[in-house]
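The first residue in the sequence is number 1, and the count goes up from there. Since the structure is predicted, the reported quantities are computational estimates derived from the model, not experimental observations.
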Amino acid sequence: MTTILERYQGLHPRSAALHAQAAGCFPDGVTHDLRYFRPFPIYVDHAAGARKWDVDGNEIIDYVMGHGALLLGHAHPVLRKAVSAQIEKGTHYGGCHELEIEWAGWIKRLVPSAEVVRFTSSGTEATMMAVRLARAFTGRNKLLRFAHNFHGWNDSVTGLTDPEHTLPWSPGVPASFLDQQIVVPQHGRDELARVLADDPDVAAVIIEPTGAHASAVPIDPDFLPFLRDETRRRGVVLIFDEVVTGFRVSPGGMQGYCGVLPDLTALAKIVAGGLPGAAVTGRADILAGIAFRGDPDWDVRRRIAHPGTYNANPLSAAAGVATLTAVADGKPQEHAAAMAKRLCQGVNQILRKMGIKGCAYTVSSMFHMVFGAECPSPIDGYAWDWQGKPGATVPETPEPVMAAFKQGMLNRGADFMRTGGMMSAVHHEHDVDETLSAIEATLSDLQQEGLV
C-alpha cells in the first residue's frame with residue numbers, strides 16, 4: 001500500500017526540486033513560518049478564483065487564501081483591472097496621491113471607530129504603531145495582552161513565558177521589552193480587572209476580537225463589552241487587532257458586527273486586497289501623536305516619527321479601493337460564512353460516521369478542524385460550544401496527525417492552513433462538496449496508517 005507520504009512525494013517532484021534549491025537561499029528553504037512543511041512545501045505556479053495550480057500541474061482548492069487576505073479570491077477581475085490601470089500610471093510616486101484619500105475614505109466609511117487613518121505596509125507594523133501611539137498618548141509603558149492571541153512579530157507583542165506558550169517566542173528580544181508586557185488568560189475577567197486596578201503604568205490592552213489565532217480559541221461575546229468598560233474606566237487604550245477580521249466578519253469587521261468600539265484598530269490583509277498594505281485607524285486625538293503641529297507650545301521631540309517607503313503605495317491603494325468597494329454591501333462576507341458553515345457541518349457528519357474523535361467549527365468565514373482529540377459537539381453542527389472559561393483552550397490536533405492530514409489533503413487537491421483556513425466569496429457548494437469527499441478519503445487513509 002502506498003503511504004500518504006509516498007504519494008505526496010510522487011505527486012510533487014518539481015516542488016521537491018525547487019525546495020532543494022530554496023534550501024540554499026532561505027533558512028529552512030521558506031519565506032514564511034507557515035510555509036515550512038516536511039518533507040517540502042508545494043510551489044504554486046498560478047491561481048484563479050478559489051483554486052491554484054502547483055508547478056507539478058496539480059489543481060488545488062485553496063483555503064489558505066493569501067493567509068486570509070483574499071476575501072474575493074485569487075486574481076479577481078475587479079482587482080486585476082484596478083492594479084493594471086495603476087501600473088500604467090506608476091508604481092511608486094514618493095509623494096501624495098488621490099487614491100490614498102479614497103482608500104482612507106472607504107476605511108472611515110466602513111469601520112465604525114475610524115476617525116482618521118495612517119497607512120503602513122504590514123499587520124506587524126500596524127500593531128507596532130498602535131502600541132506606540134497608545135504609549136505616547138497615555139505616558140505609560142506597559143501593554144496587556146491575552147494568552148495565545150497573535151499580533152505579529154514586533155518586539156512589543158512577542159514572547160513571554162514557556163508555560164503559557166504565547167507565540168512567537170522571544171529570542172532576540174531584550175528582557176526590558178518583556179518586562180513591559182503583561183499576559184492574562186483570554187476571558188480572565190478577574191485578573192484583567194486586578195491588573196488594571198493595581199498597575200497605573202498600563203498604556204493599552206490589545207486583543208484579537210474574535211479570539212486567539214483568528215478565532216481558533218473563540219471569544220465569549222460578553223467579554224468584549226466588559227473589556228471596553230474596564231479600559232475606559234482606567235484610561236487605558238483599547239486596541240482591536242483586526243488584521244484578519246477587518247472586513248471579513250462584516251464590512252466593519254468584528255467591531256461592526258458586535259458594536260463594541262475600540263480606541264485604535266490595526267488592519268491589514270483584506271484592507272489592501274491581497275497586496276502589501278495595512279493601516280491603523282481610530283481616535284483622532286490618539287493618532288495626533290504622529291501629526292506635525294504648528295502651535296508655539298509644541299515640542300517636535302514629542303512627535304512619533306513615522307516614515308515608511310511603501311506607506312499608501314499606489315498599487316496597494318488601488319487594490320484596497322477596489323476590494324473595499326466590492327465588499328461594502330456585506331454579500332461577499334455572507335456567502336463566505338455560509339460556505340464555512342457548510343464545510344464544518346459536513347466535516348462533523350463525517351467524523352461521526354467514521355467514529356473519529358474531533359470536530360470542526362467556524363466563526364464567520366474562519367474555520368478550524370480538530371482531529372484525534374475529544375471535543376464537545378458543535379452547536380448546530382458548526383459553532384463552537386464555548387463557555388468563555390478563563391484559561392481554557394481548545395483541543396489541538398496532534399502534530400503527526402496534522403502533518404499527515406495536510407499531506408493527504410494536498411494529495412487529493414485541497415490546501416489548508418494546517419487544519420483550518422479561510423473561506424472566500426468565490427468558494428461555492430461544489431468546491432466544498434469536493435473538499436468534503438477529499439477529507440473523508442484522507443481520514444480513511446489516516447485510519448489505515450493508525451493515526452486516528
Side-chain angles (χ1 to χ4, degrees), residues 1-77 79-80 83-84 87 91 122 269 272-276 315-316 319 343 369 399-428 430-439 441-442 445-446 449:
M1 182 184 73
T2 303
T3 66
I4 294 171
L5 175 59
E6 288 169 342
R7 188 175 183 205
Y8 181 80
Q9 292 171 321
L11 285 171
H12 304 100
R14 178 73 177 137
S15 283
L18 287 173
H19 184 62
Q21 294 180 37
C25 301
F26 316 119
D28 281 324
V30 294
T31 55
H32 187 293
D33 284 359
L34 283 179
R35 295 169 202 160
Y36 175 73
F37 187 60
R38 292 180 178 177
F40 54 83
I42 62 165
Y43 282 72
V44 178
D45 180 75
H46 64 283
R51 302 193 178 223
K52 58 190 179 187
W53 288 260
D54 68 21
V55 292
D56 291 291
N58 299 300
E59 182 175 340
I60 299 162
I61 304 171
D62 188 21
Y63 295 100
V64 179
M65 281 289 131
H67 303 279
L70 303 177
L71 181 58
L72 297 179
H74 292 285
H76 193 282
L79 288 176
R80 292 205 312 267
V83 174
S84 296
I87 285 176
T91 61
S122 70
K269 298 187 185 293
L275 270 67
L315 289 180
S316 299
L343 179 71
M369 299 176 287
E399 188 62 37
V401 177
M402 189 178 299
F405 176 79
K406 185 173 175 68
Q407 287 176 358
M409 289 305 300
L410 285 167
N411 290 346
R412 298 182 183 277
D415 191 17
F416 294 104
M417 299 169 69
R418 295 168 69 84
T419 54
M422 302 282 174
M423 202 67 75
S424 79
V426 294
H427 285 93
H428 294 289
H430 63 89
D431 299 306
V432 173
D433 294 345
E434 186 177 333
T435 300
L436 289 171
S437 295
I439 288 173
T442 298
D445 294 340
L446 292 174
E449 295 192 18

Q. In terms of heavy-atom contacts, does CZ of Arg7 have more than 12 from other residues, nucleotides or ligands at under 6.0 Å?
A. yes
Q: Could you tell me how the ring of His12 sits relative to the ring of Phe40: parallel (under 30°), tilted (30 to 60°) or perpendicular (over 60°)?
A: perpendicular
Q | Contacts of Ala403 that satisfy side-chain contact (heavy atoms from CB on, under 4.5 Å) - sequence neighbours left out | A | none
Q. Quick one: does Asp415's side chain get under 4.5 Å of Lys406's, heavy atoms only?
A. yes
(Q) A side-chain contact here means heavy atoms from C-beta on lying under 4.5 Å apart; do Ile60 and Ile42 qualify? (A) yes
Q.
What I'd like to find out is whether the side chain of His76 reaches to under 4.5 Å of the side chain of Leu70, using heavy atoms alone.
A. no
Q) Is any side-chain heavy atom of Leu446 less than 4.5 Å from a side-chain heavy atom of Ile4? A) yes
Q: Identify the heavy atoms of Gly73 and Ser424 that sit nearest to each other, and give their distance.
A: N-CB, 4.2 Å
Q: Taking the side chain as every heavy atom from C-beta outward, state whether Asp445 and Arg412 have any atom pair closer than 4.5 Å.
A: yes
(Q) Can you tell me how far apart CZ (Arg14) and NE2 (His19) are? Round to the nearest 0.5 Å. (A) 14.0 Å
Q | Side-chain donor or acceptor of Gln407 paired with backbone N/O of Gln9 under 3.5 Å | A | no
**Q.** Polar side-chain atom of Asp54 near backbone of Asp56 as donor-acceptor pair, under 3.5 Å
**A.** yes
Q) Would you call Leu72 and Val426 a side-chain contact if the rule is heavy atoms closer than 4.5 Å? A) no
Q | Heavy-atom side-chain contact between His67 and Lys269 under 4.5 Å | A | yes
Q. Of all heavy-atom pairs between Ala47 and Lys52, which one has the smallest distance, and what is that distance?
A. CB-CB, 3.7 Å
(Q) Distance check, rounded to the nearest 0.5 Å: Leu11 atom CG versus Leu410 atom CG? (A) 9.5 Å
(Q) Can you confirm whether Arg51 sits close enough to Asp431 that some side-chain heavy atom of one is under 4.5 Å from a side-chain heavy atom of the other? (A) yes
